[in-house]
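What follows is a single structure, written as structure tokens, with notes after it.
Chain A is the first sequence line, chain B the second, and so forth, proteins listed ahead of strands; every chain is numbered from 1. Scope of the values below: all heavy atoms of this structure, side chains included, with no hydrogens, waters or symmetry mates.
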Amino acid sequence: DAGVTQSPTHLIKTRGQQVTLRCSPKSGHDTVSWYQQALGQGPQFIFQYYEEEERQRGNFPDRFSGHQFPNYSSELNVNALLLGDSALYLCASSPQAPDLQYFGPGTRLTVL
Amino acid sequence: AQSVTQLGSHVSVSEGALVLLRCNYSSSVPPYLFWYVQYPNQGLQLLLKYTTGATLVKGINGFEAEFKKSETSFHLTKPSAHMSDAAEYFCAVSDQGGFQKLVFGTGTRLLVSP
């Protein structure tokens, strides 16, 4: 059984560009959460998707948006990239039982 | 609002010594508490979790943690450190019965010397 997968592994963009990151949840999981981990910091919650709807959102601007597909996979979109958006973006999936999240390996985004 | 404080951004121990990583939380509702480990250039791996019930929780790789409500603490311990334990450790809190939004501490880097 594959765990949580994310693509791409690494990405380099320039300021002002837009980026899309992808996540496939663990089999049987219907909830996907996204986190941003800046260098030397703990992960920060961006938002969570369940049944193709954004269920909860952290303190991130509207430049950060997402989507969940019927197969539960998810995308994170960031518009008008800033240098400060450089970070490791982590996806986590979880089943209905709300006490455990499984994390993917992350996508390293570098904004130049 | 929930928050987590991890005391000590770096902890150094010798191989075979006791590991103690400190975590204090703040939560207005009964919390779920977690410890995750992150190896270089990798995602997060769950070490252990406290939800309800027994306050001493055993996890993988010989780690354990004790939930102390009166001290709002959830410190992580391991009796004997191995070189392979060198990594970044994160404590996290979420609401019981909530939507699983995890609030993380800033992490503690564990260094293990021979």
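- The two atoms that bring B/K101 and A/Q48 nearest to each other are N-NE2, 4.5 Å, heavy atoms only.
- The hydrophobic clustering, which links ILVMFWY residues whose side-chain heavy atoms are closer than 4.5 Å, places B/V11 and B/V4 together.
- Rounding to the nearest 0.5 angstrom, the gap separating the CG atom in B/L102 from the CG atom in A/L90 is 11.0 Å.
- Contact annotation for residues 104-114 of chain B against chain A (heavy-atom separation below 4.5 Å, listed by residue number): B/F104, B/G105, B/T106.
- The 12-atom threshold is exceeded at CZ of A/F47, counting heavy atoms of other residues, nucleotides or ligands nearer than 6.0 Å.
- The minimum heavy-atom distance between A/Q37 and B/F90, with the atom names listed, is NE2-CZ, 3.3 Å.
- By the criterion of side-chain heavy atoms lying less than 4.5 angstrom apart, applied directly or through intervening Ile, Leu, Val, Met, Phe, Trp or Tyr residues, A/L21 is not grouped with A/V4; the two fall into different hydrophobic clusters.
- Contacts between A/Q44 and chain B at a heavy-atom distance below 4.5 Å are absent for every atom of the residue.
- Atoms CD and CG, from B/Q38 and A/L88 in turn, are 6.5 Å apart once rounded to the nearest 0.5 Å.
- Heavy-atom distances place no part of B/E88 under 4.5 Å from chain A, backbone and side chain included.
- Residues of residues 57-66 of chain A lying under 4.5 angstrom from chain B, judged on non-hydrogen atoms, do not exist here.
- A/Y49 and A/Y102 end up in different hydrophobic clusters when Ile, Leu, Val, Met, Phe, Trp and Tyr side chains are linked at under 4.5 Å.
- In this structure, CG on B/L46 lies 10.5 Å from CD on A/Q101, to the nearest 0.5 angstrom.
- For a residue to count as touching a neighbouring chain, one of its non-hydrogen atoms must lie under 4.5 Å from one of that chain's; by this rule A/Y35 touches chain B with the side chain only.
- In the hydrophobic cluster analysis, where Ile, Leu, Val, Met, Phe, Trp and Tyr join through side-chain heavy atoms closer than 4.5 angstrom, A/L109 is grouped together with A/L83.
- A chain of hydrophobic side-chain contacts below 4.5 Å, direct or via other Ile, Leu, Val, Met, Phe, Trp or Tyr residues, connects B/L47 to B/V13.
- Heavy atoms from other residues, nucleotides or ligands lying under 6.0 Å from CG of A/L39 number 12 at most.
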